There are 2 protein chains.
Amino acid sequence: MLAIGTLAKRTGTKVQTIRYYEQIGLMPEPGRSEGGQRRYGPLELDRLAFIRHSRQLGFSLESIRELLDLSDSPERSCAQVDAVAQKHLHEVEARIARLEALRVELKRMIGECRADRVANCRILEVLRDHEECLSDHDRPGS
Amino acid sequence: MLAIGTLAKRTGTKVQTIRYYEQIGLMPEPGRSEGGQRRYGPLELDRLAFIRHSRQLGFSLESIRELLDLSDSPERSCAQVDAVAQKHLHEVEARIARLEALRVELKRMIGECRADRVANCRILEVLRDHEECLSDHDRPGS
DNA sequence: GCTTGAACCTACAGTGGCTGTAGCTCGTAT
DNA sequence: ATACGAGCTACAGCCACTGTAGGTTCAAGC
Ligand SMILES: [Zn+2]
Ligand SMILES: [Zn+2]
Ligand SMILES: [Zn+2]
Ligand SMILES: [Zn+2]
């Protein structure tokens, strides 16, 4: 039986994060020691490892919840699992596309600045006026 | 003099967002009508346009605050402005790199799944065990 | 057995950048 | 004069944590 700190170390998680996962029902309520401290077994270790690895791959906690639920029904077709992963891939690709457009625009405005005074800094000019931009970028956000 | 809703429409901002910017000191406290409603002039319009466009280019509100402060000293060298933009570019590039690694890993695991049962879904196998991954991905988060 | 101190506990506030809601008041067109 | 859209304040909620305060428990060393 592992104390929460040991579980945290084994999975590269912070202690508070584990308690947070419990609070939102992503980790089960574990057994307790006589004094009331959490004690974890191998099942919980595996579950937390799954959660953490999914997080490293960028899945949302909501998607992870879905994936965990699905993996409790081993007989079912994995179509839904694949759909969750596909959707996530698309979102990642969309974010890359947006960031790539940003990168191009930023690089251009930085390259155009002749490093003079603030009064005629190219970067500030572009920020003041979207007409100076080549790409469209409607929604602020990541 | 513009009411807040008009300013919002002109800049593609939500009314609450403008009030939020005022609350955190990014927009100045505007004049008020007799009845106490906010009234904006062209200076505020320009400032909000600058903020919004900077947000579209991914700058944080903290960076935007800095850029706005800097642009109040037109005589100074724009080195600091350029540094803010450079730093942001590097962060964007770092995020692209991370997302690109994610994309590769996700695409691989999706491609390897033979779309069978949950019990032997390749996606779940990879999520359970980072050893199945090719890349390293230490920190969760975008 | 006793003391120490690291690790644990709960509860709550804060992060960034908004967004939404409730319950009012104001402005303006007819 | 009245209707109603637009404005007002204050506060809660989103995501995924992270940090803090103030107290309790555990395990090792003596
Ligand atoms: Zn410059
Ligand atoms: Zn632009
Ligand atoms: Zn599958
Ligand atoms: Zn991995």
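Everything numeric in this text was worked out from a predicted model, so none of it was measured. In what follows, chains are A, B, ... by sequence order, proteins preceding strands, each numbered from 1.
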Review point. Contact class for B:Arg19 (heavy atom, under 4.0 Å): base, sugar-phosphate, or nothing?
Key: base
Practice item. Starting from C1' on D:dA6, measure out to CD1 on B:Ile18 and report it in whole angstrom. Key: 13 Å
Practice item. For B:Tyr40 and B:Arg10, test the side chains for any donor-to-acceptor distance below 3.5 angstrom and give the result as yes or no. Key: no
Check your understanding: A:Met1 and A:Leu7: same hydrophobic cluster, using ILVMFWY side-chain contacts below 4.5 Å?
Key -> no
Review point. In whole angstrom, what separates B:Glu91's CD from C:dG16's P?
Key: 13 Å
Check your understanding: Using 4.0 Å as the upper bound for N to carboxylate O, is an ion pair formed by B:Arg108 and B:Glu112?
Key -> yes
Review point. Given atom CD of B:Glu22 and atom P of D:dC8, what is their separation to the nearest angstrom?
Key: 9 Å
Revision key, fill the gap. Atom CZ of A:Arg55 and atom C1' of D:dC17 are separated, to the nearest Å, by 9 Å
Check your understanding: If you look at every strand shown and take non-hydrogen atoms under 4.0 Å, does B:Phe59 touch a base, only sugar-phosphate, or nothing?
Key -> nothing
Check your understanding: Between A:Arg65 (CZ) and D:dC15 (P), how many Å, whole number?
Key -> 10 Å
Check your understanding: Roughly how many Å is it from CD in B:Glu29 to C1' in D:dC8, rounded to a whole number?
Key -> 14 Å
Review point. Is any side-chain N or O of B:Ser60 closer than 4.0 Å to OP1 or OP2 of C:dG16?
Key: no
**Study point:** Cluster link A:Ile24 to A:Met27, ILVMFWY, side chain under 4.5 Å
**Key:** yes
**Study point:** Euclidean distance, atom CD1 of residue B:Ile4 to atom C1' of D:dA6 [Å, nearest integer]
**Key:** 11 Å
Exercise for review: Decide, yes or no, whether a salt bridge links B:Arg38 with B:Glu22 under the criterion of side-chain N to carboxylate O below 4.0 Å.
Suggested key: yes
Between the protein and nucleotides 26-30 of chain C, are there any N/O to N/O pairs under 3.5 Å, and if so, what are the atom names and distances?
{"residue": "C:dG27", "atom": "OP1", "partner": "B:Ser33", "partner atom": "OG", "Å": "2.9"}
{"residue": "C:dG27", "atom": "OP1", "partner": "B:Gly35", "partner atom": "N", "Å": "3.1"}

Point to revise | For atom OH of A:Tyr20 and atom C1' of D:dC17, their distance in whole Å | key: 6 Å
**Study point:** Partner set under salt bridge (Lys or Arg N to Asp or Glu O under 4.0 Å) for B:Arg47, not counting sequence neighbours
**Key:** none
Check your understanding: Between A:Arg122 and A:Glu125, is the closest basic N to carboxylate O distance under 4.0 Å?
Key -> yes
Check your understanding: With a non-hydrogen cut-off below 4.0 angstrom, is B:Ile24 in contact with a base, only sugar-phosphate, or nothing?
Key -> nothing
Point to revise | Any A:Arg38 side-chain nitrogen or oxygen under 4.0 Å from OP1 or OP2 of C:dC8 | key: no
Point to revise | Candidate nucleotides D:dG19, C:dT21, C:dC18, ranked by approach to the side chain of B:Gln16 - the nearest | key: C:dT21
**Study point:** Out of C:dT10, D:dG19, D:dG7, whichever nucleotide has its closest atom nearest the side chain of A:Lys14
**Key:** D:dG19
**Study point:** Residue-phosphate contact under 4.0 Å: B:Arg32 side-chain N/O, D:dT9 OP1/OP2
**Key:** yes
